[in-house]
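Below: the structure, in C-alpha coordinates.
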Amino acid sequence: MKYQIFKDKIIVFDKEDFDALQILECGQFFAYQKIEKGFDVFSEDKYAKVIETDKGYEIITDSPHYFEDFFDLKNDYSKIKNKLSGYEILKKPIEFGHGIRILKQDLFEVLISFILSANNNIKRFSKTLFKMREKFGKRMDGYFAFPTRKQLLRATEKDFVELGAGYRAKYLYNVLRQVDEKTLEEWRSLETKTLRNKLISLSGVGPKVADCVLLFGYHRQDVFPVDTWIEQMYHKFYGDKEQNREKIREFLVGEFGEFSGYAQQYLFFFMREN
DNA sequence: GCCCAGGGATGCG
DNA sequence: CGCATCCATGGG
(Lines give C-alpha, C1' and ligand atoms only; values in the text may rest on other atoms or scores of the structure.)
Protein backbone atom coordinates (compact mmCIF):
# COMPACT_ATOMS: atom_id res chain seq x y z
CA MET A 1 0.00 0.00 0.00
CA LYS A 2 1.31 3.44 -0.91
CA TYR A 3 1.69 5.99 1.86
CA GLN A 4 4.02 8.80 2.78
CA ILE A 5 5.12 10.00 6.21
CA PHE A 6 5.60 13.64 7.11
CA LYS A 7 6.37 15.17 10.48
CA ASP A 8 2.75 16.13 11.15
CA LYS A 9 0.80 13.58 9.12
CA ILE A 10 0.65 10.41 7.08
CA ILE A 11 -0.85 10.48 3.63
CA VAL A 12 -2.40 7.20 2.50
CA PHE A 13 -2.87 6.88 -1.25
CA ASP A 14 -5.28 4.00 -1.13
CA LYS A 15 -8.85 3.12 -0.29
CA GLU A 16 -8.72 -0.55 -1.19
CA ASP A 17 -6.51 -1.72 1.67
CA PHE A 18 -7.43 1.10 4.06
CA ASP A 19 -10.98 2.03 4.96
CA ALA A 20 -11.23 4.08 8.14
CA LEU A 21 -14.84 3.19 8.85
CA GLN A 22 -14.21 -0.51 8.40
CA ILE A 23 -11.03 -0.43 10.47
CA LEU A 24 -12.66 1.40 13.35
CA GLU A 25 -16.04 -0.27 13.31
CA CYS A 26 -15.05 -3.89 12.94
CA GLY A 27 -15.13 -4.34 16.70
CA GLN A 28 -11.45 -4.21 17.57
CA PHE A 29 -11.27 -0.64 18.82
CA PHE A 30 -13.43 1.78 20.76
CA ALA A 31 -11.51 5.03 21.39
CA TYR A 32 -12.71 6.97 18.37
CA GLN A 33 -15.34 9.54 17.57
CA LYS A 34 -17.02 10.41 14.30
CA ILE A 35 -16.28 13.89 13.06
CA GLU A 36 -16.98 15.61 9.78
CA LYS A 37 -15.31 13.69 6.93
CA GLY A 38 -13.52 11.33 9.29
CA PHE A 39 -12.67 10.28 12.83
CA ASP A 40 -10.82 11.33 15.94
CA VAL A 41 -8.67 8.40 17.06
CA PHE A 42 -7.11 8.04 20.52
CA SER A 43 -4.54 5.49 21.64
CA GLU A 44 -2.68 5.67 24.95
CA ASP A 45 -1.76 9.38 25.19
CA LYS A 46 -1.68 9.84 21.42
CA TYR A 47 -4.20 11.37 19.06
CA ALA A 48 -4.78 11.36 15.33
CA LYS A 49 -7.41 12.83 13.06
CA VAL A 50 -8.23 10.57 10.13
CA ILE A 51 -9.77 12.40 7.19
CA GLU A 52 -10.97 10.87 3.95
CA THR A 53 -9.69 12.49 0.77
CA ASP A 54 -10.36 11.89 -2.92
CA LYS A 55 -7.71 9.24 -3.32
CA GLY A 56 -7.24 8.00 0.22
CA TYR A 57 -6.79 9.37 3.72
CA GLU A 58 -4.82 11.87 5.71
CA ILE A 59 -3.81 10.81 9.20
CA ILE A 60 -3.05 14.10 10.91
CA THR A 61 -1.02 13.66 14.10
CA ASP A 62 1.99 14.71 16.15
CA SER A 63 3.06 11.06 16.28
CA PRO A 64 3.17 9.83 12.67
CA HIS A 65 5.52 6.93 13.36
CA TYR A 66 3.37 5.73 16.24
CA PHE A 67 0.32 5.66 14.01
CA GLU A 68 2.23 4.05 11.15
CA ASP A 69 2.71 1.10 13.48
CA PHE A 70 -0.76 1.41 15.04
CA PHE A 71 -2.49 1.15 11.65
CA ASP A 72 -0.15 -1.69 10.64
CA LEU A 73 0.79 0.22 7.50
CA LYS A 74 3.89 -1.83 6.73
CA ASN A 75 1.80 -4.98 6.44
CA ASP A 76 0.66 -5.96 2.95
CA TYR A 77 -3.05 -6.68 3.22
CA SER A 78 -3.42 -7.36 -0.51
CA LYS A 79 -1.21 -10.38 -0.04
CA ILE A 80 -3.21 -11.54 2.98
CA LYS A 81 -6.53 -11.11 1.19
CA ASN A 82 -5.16 -12.89 -1.82
CA LYS A 83 -4.25 -15.94 0.23
CA LEU A 84 -7.49 -15.94 2.19
CA SER A 85 -9.68 -15.61 -0.89
CA GLY A 86 -8.84 -19.23 -1.58
CA TYR A 87 -11.49 -20.00 1.02
CA GLU A 88 -14.88 -19.90 -0.69
CA ILE A 89 -16.55 -18.81 2.54
CA LEU A 90 -14.33 -15.72 2.79
CA LYS A 91 -14.87 -14.37 -0.72
CA LYS A 92 -17.84 -12.15 0.08
CA PRO A 93 -16.62 -11.08 3.54
CA ILE A 94 -13.27 -9.99 2.08
CA GLU A 95 -14.94 -8.07 -0.70
CA PHE A 96 -17.27 -6.46 1.83
CA GLY A 97 -14.56 -5.61 4.37
CA HIS A 98 -11.68 -5.06 1.93
CA GLY A 99 -10.32 -2.07 3.84
CA ILE A 100 -10.09 -3.72 7.26
CA ARG A 101 -6.71 -3.71 8.97
CA ILE A 102 -5.89 -5.22 12.34
CA LEU A 103 -4.63 -2.49 14.63
CA LYS A 104 -1.59 -2.84 16.85
CA GLN A 105 -3.03 -1.48 20.05
CA ASP A 106 -1.42 -0.81 23.39
CA LEU A 107 -1.44 -3.96 25.54
CA PHE A 108 -2.66 -2.40 28.75
CA GLU A 109 -5.40 -0.39 27.06
CA VAL A 110 -6.63 -3.34 25.04
CA LEU A 111 -6.70 -5.56 28.14
CA ILE A 112 -8.79 -3.08 30.15
CA SER A 113 -11.04 -2.39 27.17
CA PHE A 114 -11.89 -6.00 26.47
CA ILE A 115 -12.46 -6.89 30.11
CA LEU A 116 -15.15 -4.22 29.98
CA SER A 117 -16.54 -5.60 26.72
CA ALA A 118 -17.69 -8.88 28.26
CA ASN A 119 -21.46 -9.32 28.11
CA ASN A 120 -21.75 -5.59 27.51
CA ASN A 121 -22.76 -3.46 24.55
CA ILE A 122 -20.20 -1.48 22.61
CA LYS A 123 -21.89 1.88 23.01
CA ARG A 124 -22.10 1.52 26.75
CA PHE A 125 -18.58 0.35 27.52
CA SER A 126 -17.05 2.78 25.02
CA LYS A 127 -18.62 5.52 27.10
CA THR A 128 -17.21 3.93 30.26
CA LEU A 129 -13.74 3.92 28.69
CA PHE A 130 -13.94 7.60 27.76
CA LYS A 131 -15.14 8.46 31.27
CA MET A 132 -12.20 6.47 32.64
CA ARG A 133 -9.86 8.65 30.59
CA GLU A 134 -11.48 11.83 31.90
CA LYS A 135 -11.44 10.79 35.51
CA PHE A 136 -8.04 9.09 35.79
CA GLY A 137 -6.02 9.92 32.66
CA LYS A 138 -3.66 12.79 32.01
CA ARG A 139 -5.22 15.90 30.52
CA MET A 140 -3.76 16.53 27.08
CA ASP A 141 -4.38 19.31 24.62
CA GLY A 142 -8.10 18.89 23.98
CA TYR A 143 -8.48 15.28 25.13
CA PHE A 144 -7.49 12.85 27.87
CA ALA A 145 -4.84 10.12 27.74
CA PHE A 146 -5.74 6.57 28.61
CA PRO A 147 -4.80 6.16 32.28
CA THR A 148 -1.73 4.19 33.26
CA ARG A 149 -1.92 1.29 35.67
CA LYS A 150 -0.41 3.50 38.34
CA GLN A 151 -3.16 6.08 37.84
CA LEU A 152 -5.87 3.42 37.92
CA LEU A 153 -4.52 1.92 41.13
CA ARG A 154 -5.93 4.97 42.88
CA ALA A 155 -9.45 3.96 41.84
CA THR A 156 -11.72 2.04 44.19
CA GLU A 157 -14.08 -0.65 43.01
CA LYS A 158 -16.90 1.83 43.60
CA ASP A 159 -15.19 4.35 41.30
CA PHE A 160 -15.40 1.82 38.47
CA VAL A 161 -19.05 1.16 39.24
CA GLU A 162 -19.69 4.89 38.98
CA LEU A 163 -18.05 4.92 35.55
CA GLY A 164 -20.59 2.29 34.49
CA ALA A 165 -18.47 -0.84 34.70
CA GLY A 166 -21.21 -2.77 36.51
CA TYR A 167 -20.13 -6.08 37.98
CA ARG A 168 -16.91 -5.87 35.96
CA ALA A 169 -15.66 -3.24 38.41
CA LYS A 170 -14.32 -6.03 40.61
CA TYR A 171 -12.46 -7.60 37.66
CA LEU A 172 -10.79 -4.28 36.89
CA TYR A 173 -9.87 -3.69 40.50
CA ASN A 174 -8.31 -7.17 40.70
CA VAL A 175 -6.51 -7.22 37.35
CA LEU A 176 -4.73 -3.95 38.14
CA ARG A 177 -3.17 -5.76 41.08
CA GLN A 178 -2.15 -8.78 38.98
CA VAL A 179 -0.20 -7.23 36.07
CA ASP A 180 1.50 -4.02 35.01
CA GLU A 181 2.42 -2.65 31.59
CA LYS A 182 5.97 -3.98 31.85
CA THR A 183 4.85 -7.55 32.53
CA LEU A 184 2.45 -7.44 29.59
CA GLU A 185 5.35 -6.30 27.38
CA GLU A 186 7.59 -9.07 28.67
CA TRP A 187 4.97 -11.62 27.75
CA ARG A 188 5.52 -10.75 24.07
CA SER A 189 8.30 -13.31 23.98
CA LEU A 190 6.00 -16.19 24.97
CA GLU A 191 4.47 -18.52 22.44
CA THR A 192 0.78 -18.01 21.79
CA LYS A 193 -0.50 -20.95 23.80
CA THR A 194 1.51 -20.11 26.92
CA LEU A 195 0.63 -16.44 26.59
CA ARG A 196 -3.04 -17.29 26.23
CA ASN A 197 -2.97 -19.27 29.48
CA LYS A 198 -1.25 -16.36 31.26
CA LEU A 199 -3.98 -14.02 30.07
CA ILE A 200 -6.80 -16.38 31.05
CA SER A 201 -5.36 -16.54 34.57
CA LEU A 202 -6.16 -12.81 34.94
CA SER A 203 -9.33 -11.56 36.59
CA GLY A 204 -12.11 -10.92 34.07
CA VAL A 205 -10.20 -12.59 31.24
CA GLY A 206 -11.65 -15.77 29.77
CA PRO A 207 -11.04 -17.47 26.41
CA LYS A 208 -12.72 -14.82 24.30
CA VAL A 209 -11.17 -11.76 25.93
CA ALA A 210 -7.78 -13.48 25.90
CA ASP A 211 -8.08 -14.11 22.16
CA CYS A 212 -9.00 -10.46 21.56
CA VAL A 213 -5.96 -9.26 23.52
CA LEU A 214 -3.80 -11.74 21.61
CA LEU A 215 -5.11 -10.55 18.25
CA PHE A 216 -5.56 -6.80 18.75
CA GLY A 217 -2.73 -6.23 21.21
CA TYR A 218 -0.07 -8.86 20.61
CA HIS A 219 -1.01 -9.15 16.93
CA ARG A 220 -1.04 -12.94 17.12
CA GLN A 221 -2.72 -14.16 13.98
CA ASP A 222 -3.22 -17.79 14.93
CA VAL A 223 -6.17 -17.06 17.23
CA PHE A 224 -9.89 -16.90 16.45
CA PRO A 225 -12.00 -15.05 19.04
CA VAL A 226 -15.40 -16.71 19.22
CA ASP A 227 -18.26 -14.47 20.31
CA THR A 228 -22.00 -14.51 19.65
CA TRP A 229 -21.55 -13.36 16.02
CA ILE A 230 -18.92 -15.95 15.19
CA GLU A 231 -21.08 -18.59 16.83
CA GLN A 232 -23.92 -17.61 14.49
CA MET A 233 -21.52 -17.63 11.56
CA TYR A 234 -20.33 -21.14 12.43
CA HIS A 235 -23.85 -22.55 12.56
CA LYS A 236 -24.83 -20.77 9.36
CA PHE A 237 -21.87 -21.93 7.28
CA TYR A 238 -20.62 -25.08 8.97
CA GLY A 239 -23.71 -26.62 10.55
CA ASP A 240 -24.46 -27.69 14.10
CA LYS A 241 -21.83 -30.33 14.76
CA GLU A 242 -20.12 -28.40 17.55
CA GLN A 243 -22.13 -26.60 20.19
CA ASN A 244 -19.73 -25.22 22.74
CA ARG A 245 -17.51 -22.24 22.04
CA GLU A 246 -14.25 -23.96 22.84
CA LYS A 247 -14.97 -26.70 20.29
CA ILE A 248 -16.03 -24.13 17.70
CA ARG A 249 -12.83 -22.19 18.31
CA GLU A 250 -10.69 -25.31 17.88
CA PHE A 251 -12.46 -26.12 14.64
CA LEU A 252 -12.02 -22.62 13.21
CA VAL A 253 -8.35 -22.35 14.18
CA GLY A 254 -7.83 -25.72 12.52
CA GLU A 255 -9.60 -24.42 9.43
CA PHE A 256 -7.70 -21.11 9.04
CA GLY A 257 -4.43 -21.83 10.87
CA GLU A 258 -1.91 -19.02 10.86
CA PHE A 259 -4.41 -16.66 9.22
CA SER A 260 -7.20 -17.23 11.75
CA GLY A 261 -7.14 -13.69 13.11
CA TYR A 262 -7.63 -12.07 9.73
CA ALA A 263 -10.34 -14.54 8.72
CA GLN A 264 -12.11 -13.82 11.98
CA GLN A 265 -12.19 -10.07 11.37
CA TYR A 266 -13.62 -10.35 7.85
CA LEU A 267 -16.26 -12.83 9.03
CA PHE A 268 -17.14 -10.85 12.14
CA PHE A 269 -17.60 -7.61 10.23
CA PHE A 270 -19.60 -9.32 7.50
CA MET A 271 -21.94 -10.99 10.00
CA ARG A 272 -22.51 -7.91 12.09
CA GLU A 273 -23.18 -5.57 9.18
CA ASN A 274 -25.52 -7.91 7.28
C1' DG B 1 -41.23 -3.06 31.27
C1' DC B 2 -38.41 -6.30 28.72
C1' DC B 3 -34.47 -7.99 26.43
C1' DC B 4 -29.90 -7.82 25.12
C1' DA B 5 -24.95 -6.92 25.01
C1' DG B 6 -17.96 -9.14 21.06
C1' DG B 7 -18.55 -13.59 28.54
C1' DG B 8 -16.51 -14.71 32.98
C1' DA B 9 -16.67 -16.46 37.72
C1' DT B 10 -18.59 -19.55 40.60
C1' DG B 11 -20.76 -23.63 42.23
C1' DC B 12 -22.67 -27.99 41.61
C1' DG B 13 -23.01 -32.84 40.05
C1' DC C 1 -14.22 -32.02 33.66
C1' DG C 2 -19.11 -30.14 31.58
C1' DC C 3 -22.93 -27.53 32.42
C1' DA C 4 -26.19 -23.98 34.73
C1' DT C 5 -26.69 -19.84 36.95
C1' DC C 6 -25.74 -15.29 38.27
C1' DC C 7 -24.05 -10.89 37.28
C1' DA C 8 -24.95 -4.48 36.67
C1' DT C 9 -26.86 -1.47 33.73
C1' DG C 10 -27.63 1.72 29.64
C1' DG C 11 -29.54 1.22 25.06
C1' DG C 12 -33.00 -0.27 21.84
Side-chain angles (χ1 to χ4, degrees), chain A residues 21-34 93 96-97 100 102-103 105 109-132 134-135 155-179 196-218 220 223-236 240-253 256 260-274:
Chain A
L21 189 137
Q22 293 178 6
I23 292 168
L24 298 173
E25 299 204 341
C26 67
Q28 61 178 325
F29 182 67
F30 316 104
Y32 66 93
Q33 284 162 342
K34 183 86 192 72
F96 182 73
I100 290 176
I102 297 184
L103 299 173
Q105 300 184 54
E109 184 170 353
V110 85
L111 175 67
I112 300 298
S113 301
F114 276 91
I115 288 174
L116 272 173
S117 79
N119 191 220
N120 206 342
N121 67 69
I122 293 182
K123 210 156 207 167
R124 191 163 95 91
F125 72 80
S126 299
K127 193 179 279 183
T128 300
L129 286 166
F130 274 116
K131 282 197 268 185
M132 191 181 284
E134 287 174 25
K135 182 149 174 120
T156 62
E157 190 180 322
K158 192 175 162 220
D159 285 332
F160 291 134
V161 170
E162 283 169 2
L163 297 181
Y167 62 88
R168 304 164 202 85
K170 188 186 292 290
Y171 305 157
L172 293 179
Y173 184 86
N174 291 338
V175 81
L176 289 166
R177 284 152 183 82
Q178 294 176 314
V179 284
R196 187 166 188 269
N197 288 331
K198 290 269 193 193
L199 290 169
I200 288 178
S201 75
L202 300 175
S203 177
V205 181
K208 193 271 177 181
V209 170
D211 284 336
C212 287
V213 176
L214 284 165
L215 182 57
F216 307 135
Y218 290 97
R220 300 294 167 102
V223 298
F224 205 114
V226 177
D227 69 334
T228 51
W229 293 102
I230 294 297
E231 220 169 340
Q232 282 182 39
M233 181 282 295
Y234 171 82
H235 293 306
K236 183 176 160 85
D240 295 321
K241 189 180 170 200
E242 305 297 353
Q243 288 300 327
N244 90 27
R245 283 193 175 187
E246 177 57 20
K247 293 282 188 187
I248 293 174
R249 185 185 75 83
E250 282 174 20
F251 171 82
L252 291 168
V253 171
F256 297 102
S260 292
Y262 298 109
Q264 196 269 3
Q265 279 307 98
Y266 295 118
L267 287 165
F268 174 84
F269 188 65
F270 186 69
M271 289 299 291
R272 211 185 61 173
E273 303 291 315
N274 289 289

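Convention: sequence-line order gives letters A, B, ...; per-chain numbering from 1.
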Starting from [atom2] on [N], measure out to [atom1] on [X] and report it in whole angstrom.
X	N	atom1	atom2	value
A:Arg249	B:dG7	CZ	C1'	15 Å
A:Ile115	B:dG8	CD1	P	10 Å
A:Leu199	B:dG7	CG	P	18 Å
A:Lys170	B:dT10	NZ	C1'	12 Å
A:Glu246	B:dG7	CD	P	16 Å
A:Lys208	B:dA5	NZ	P	12 Å
A:Asn119	B:dC4	CG	P	11 Å
A:Ile102	B:dG6	CD1	C1'	15 Å

*Does anyone know the first and last nucleotide of DNA chain C in reach of chain A, 5' to 3', at under 4.0 angstrom to a heavy atom?*
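Going 5' to 3' along DNA chain C, contacts run C:dC7 to C:dG12.
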May I ask you to say what [X] touches in the nucleic acid, namely base, sugar-phosphate or nothing, with a heavy-atom cut-off under 4.0 Å?
X	result
A:Leu202	sugar-phosphate
A:Arg245	sugar-phosphate
A:Pro207	sugar-phosphate
A:Val226	nothing
A:Glu231	nothing
A:Gln243	nothing
A:Gly164	nothing
A:Phe268	base

_Ring centroid separation A:Phe224 to A:Phe268 under 6.0 Å_ =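 No - the distance between ring centres of A:Phe224 and A:Phe268 does not fall below the 6.0 Å cut-off.
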*With A:Glu231, which of A:Lys236, A:Arg245, A:Arg249, A:Gln243 fulfils side-chain contact (heavy atoms from CB on, under 4.5 Å)?*
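So, applying the side-chain contact (heavy atoms from CB on, under 4.5 Å) to A:Glu231 and each of A:Lys236, A:Arg245, A:Arg249, A:Gln243, only A:Arg245 qualifies.
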*Between A:Lys131 and A:Glu134, is the closest basic N to carboxylate O distance under 4.0 Å?*
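So A:Glu134 does not pair with A:Lys131 through a salt bridge.
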_Go nucleotide by nucleotide along DNA chain C from the 5' end; which of A:Ala165 and A:Lys123 gets its closest nucleotide reached first?_
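Result of the comparison: A:Ala165.
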*What interatomic distance, in whole Å, is found between P of C:dA8 and the corresponding atom of B:dT10?*
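B:dT10 and C:dA8 have their P atoms separated by 12 Å.
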*asked:* Distance check, P atoms only: C:dC6 and B:dG6, in whole angstrom units.
replied: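 Going atom to atom, P in each nucleotide, I get 23 Å.
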_Check whether A:Tyr234 reaches the backbone of A:Val226 with its side chain - one donor and one acceptor, N or O, closer than 3.5 Å._
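No, the answer is negative, given that no donor and acceptor are paired below the 3.5 Å cut-off.
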*Pairwise 5' ranking along DNA chain B for A:Phe114 and A:Ser201, keeping only the more 5' one*: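 First, find each residue's nearest nucleotide; the 5'-ward one identifies A:Phe114.
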*Which residue lies toward the 5' end of DNA chain B, A:Pro225 or A:Ile200, if each is placed at its nearest nucleotide?*
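Of the two residues, A:Pro225 wins.
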*On a plain distance test, is the side chain of A:Tyr171 in donor-acceptor contact with the base of B:dG7 below 3.5 Å?*
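No, the side chain and the base share no sub-3.5 Å donor-acceptor pair.
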*A:Tyr32 vs A:Phe29 aromatic rings, parallel, tilted or perpendicular, using cut-offs 30° and 60°?*
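It falls in the parallel class, under 30°.
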*Please report the shortest heavy-atom distance between A:Ala165 and A:Leu116, naming the atom on each side.*
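Minimum heavy-atom contact is CB-CD2, 3.7 Å.
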*Has A:Phe30 got more than 12 heavy atoms of other residues, nucleotides or ligands less than 6.0 Å from its CZ?*
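More than 12 within 6.0 Å, yes.
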*Between A:Asn120, A:Thr128, A:Asn121, which is the residue that forms a side-chain hydrogen bond (donor to acceptor under 3.5 Å, both in side chains) with A:Arg124?*
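So the option named by the test is A:Asn120.
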